[in-house]
Amino acid sequence: MSTDVLAPPAPQAMDPETTARYARCIEISKRVRWEIDRDVIRSRNFDFDRKFLPDGLTQLEHLRDFSTGEKYLLSQIQGRTYVNMFCMVERFINAKLLDVSREHWLGDQVALEALIRFSDEELKHQALFRRLEHLMAVGMEPGYQFVPEADPVAQLVLSKSTWAVLALTCHIELFTQTHYQRSIHVDPDLSELFKDVFLFHWKEESQHAVLDELEWLREDAKLTPAQRDASVNDLIELMRAIDGLLVLQSQSDVRYFVRLRGLRSPEQLAQLHAVMLKAYRWQYIVSGIEQPRFFQLLTGMLTEEQANRVTRALTPMIT
Ligand SMILES: [Fe+2]
Ligand SMILES: [Fe+2]
């Protein structure tokens with residue numbers, strides 16, 4: 001049997017400044033390292049009299065004719081979808097980062113260590129989100145459904161070019177920083193456990209976003225103009241696929257709410273559908289697009305025509 005497929009590529013020299021950025025990620029990763037039970041959950045359970053996601057993420061202020069208790073329930077449903085969404089996206093993120101780590105097997109071992117730590121943290125995050133899903137499943141009425149399945153979604157995402165997957169990944173890991181910022185204001189009605197989830201996730205995601213950037217730029221430097229152009233179309237397809245999942249999940253979450261709280265008038269139902277989809281689009285698409293770093297990186301790699309193509313494709317999702 002040929003072993004060529006197992007042979008790592010020849011190592012490429014890395015400039016000292018880039019190696020220093022990987023090294024800095026390792027140093028911070030060691031310093032902020034946390035454990036699921038000892039630091040995050042700490043034998044706590046969710047308080048179902050509180051909101052799970054902060055107002056800055058839920059968009060529920062746009063809902064009229066819904067009581068405060070109903071809005072709390074909707075924030076809990078959105079919170080449950082939040083942990084499931086991250087459990088799903090971190091599946092393909094981890095697979096892609098392990099894939100690109102192959103190019104550091106030989107050569108710069110600092111970069112390799114940074115990506116191995118990244119992968120280890122992402123596996124831990126998935127385990128945390130599974131634990132949180134279990135706590136919510138125990139405390140909430142039956143009937144909630146998370147529609148997408150992690151592995152088929154990962155297979156679809158990973159079928160696209162590495163450039164596009166790294167772009168999507170960088171976008172996701174940058175928006176976790178926005179989500180943390182929206183969770184830190186004082187709100188006595190916000191779940192303390194969920195606030196800690198934002199805090200601890202952000203601590204490690206901050207390094208991941210830097211590593212995504214380094215790997216994305218490294219991948220970009222290898223592409224021909226034609227390959228980059230095809231990758232832009234891949235990124236658009238990925239964004240559309242994510243948006244399609246958000247449409248399905250928002251519909252499922254509205255059905256769950258109606259099942260628990262009873263039928264609404266057609267106008268209220270339409271309003272609820274619109275607000276839930278707007279919230280999910282904001283959480284998983286717009287908050288990343290609006291990240292100045294993501295915009296700067298993306299536009300720095302694209303021609304004006306390619307940037308306009310991306311903008312045209314995203315416009316229906318962000319307005
Ligand atoms: Fe994560
Ligand atoms: Fe991450």
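For ligands, and for the atoms within them, numbers begin at 1 and follow the listed sequence. It should be emphasised that the depicted structure is a prediction, and the values quoted were computed from it without experimental measurement.
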Kindly give the atom name of the N, O or S atom of H125 closest to the Fe ion (ligand 1). ND1
E122, N/O/S atom nearest the Fe ion (ligand 2): OE2
Contact summary for M317 and V286, nearest pair of heavy atoms: O-CG2, 4.3 Å
Verify the ring-centre separation between W34 and H125: is it less than 6.0 angstrom? yes
Sole residue of E121, E204, E113 in salt bridge (Lys or Arg N to Asp or Glu O under 4.0 Å) with K30: E113
Metal proximity, E205 vs the Fe ion (ligand 2), N/O/S cut-off 2.8 Å: yes
Give the atom name of whichever N/O/S atom in H208 sits closest to the Fe ion (ligand 2). ND1
Does R264 count as lying over the ring of F66, i.e. NZ or CZ under 6.0 Å from the six-ring centre, within 45 degrees of the axis? yes
For the Fe ion (ligand 1), give me the closest N/O/S atom belonging to E90, just the atom name. OE2
Please verify the inter-ring angle class for Y280 with Y284; under 30° counts as parallel, over 60° as perpendicular, anything in between as tilted. tilted
Atom of E173 closest to the Fe ion (ligand 2), considering N, O or S atoms: OE2
